[in-house]
Amino acid sequence: MKNIAIFASGNGSNFQAIIDRVHAGDLTAHISLLVCDRPGAYCVERANAAGIPIFVFNPKDYPSKADFEQKICEQLTTAGVEWVILAGYMRLVGPTLLKEYEGRILNIHPSLLPEFPGKDAVGQALAAKAKWSGVTIHFVDDGMDTGPIIVQERVRIEANETRESLQRKIQGIEHRLYPEILHMLLTRGEVKHDEKTSTY
Ligand code: GAR
């Protein structure tokens, strides 16, 4: 069974979905560590409730990204982490972490990349009056949401769509899709998935 670390910065609903699927036996993995870059974020409480070890840090306490990523790498090594799973980690991964885990870092993003990368992808899609948005799961490289795409799932943006309703639809997909894809990748090393249009 693969040892994984989840990286999160905020609420951690995707982290919770992963915890729940592990507990249910649908996702074969061991969550060895939560890495969080925002002390006080709710994801830390979720880790505590699930008995998952935590490394929480404040980037401002370090002289540079290389310094805090070095510290993260030490924590990952100590915990025996094999895969890094970004789940709402709102920070670009730098060369220090990338070098250690190249090809073994995944991210989930709330848009159909390459559309609407970076922050507030849901707001960006609405502002652009896009007809479709969705969810992308991809490998992480040194760009902003640019790594090789593993899977995407689309969702229609209705005429009366609000930020809340679109966010709800997208997160509904995320919470199902991320654990499912992780299970395939971590147990079989491959992912089989037909692109689907999710309607609610
Ligand atoms: C998720 O929707 C995730 O796709 C997004 O942040 C949210 C975190 O929610 N990630 C990004 O935008 C990365 N660029 P959560 O903390 O409730 O899982």
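Because the structure is a prediction, the values reported are computed rather than measured. In listed order, ligands and their atoms are each counted from 1.
With sequence neighbours left out, Y62 forms a ring-ring contact (aromatic ring centres under 6.0 Å, His included) with no residue at all. In this structure I149 satisfies the side chain to side chain contact (heavy atoms under 4.5 Å, CB included) test together with L113, T136, H138, Q152, sequence neighbours excluded.
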Subject >> Steps toward side chain to side chain contact (heavy atoms under 4.5 Å, CB included) verdict (L106, F139) >> reply: CA-CA 5 Å; L106 301 182; F139 287 102; 3.5 Å; yes
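The residues lining ligand 1, counting any heavy atom closer than 4.0 Å, are N11, G12, S13, N14, G88, M90, I108, H109, P110, G118, D145, Q171, E174.
Residue P63 comes nearest to D67 through the heavy atom pair CG-OD2, 3.6 Å, listed as atom of the first residue, atom of the second, then distance.
For residues 70-94, the ring pair (Phe, Tyr, Trp, His ring centres under 6.0 Å) pairs, not counting sequence neighbours, are F7-Y89.
Inspection of the S13 and Q171 side chains reveals an N or O donor paired with an N or O acceptor under 3.5 Å.
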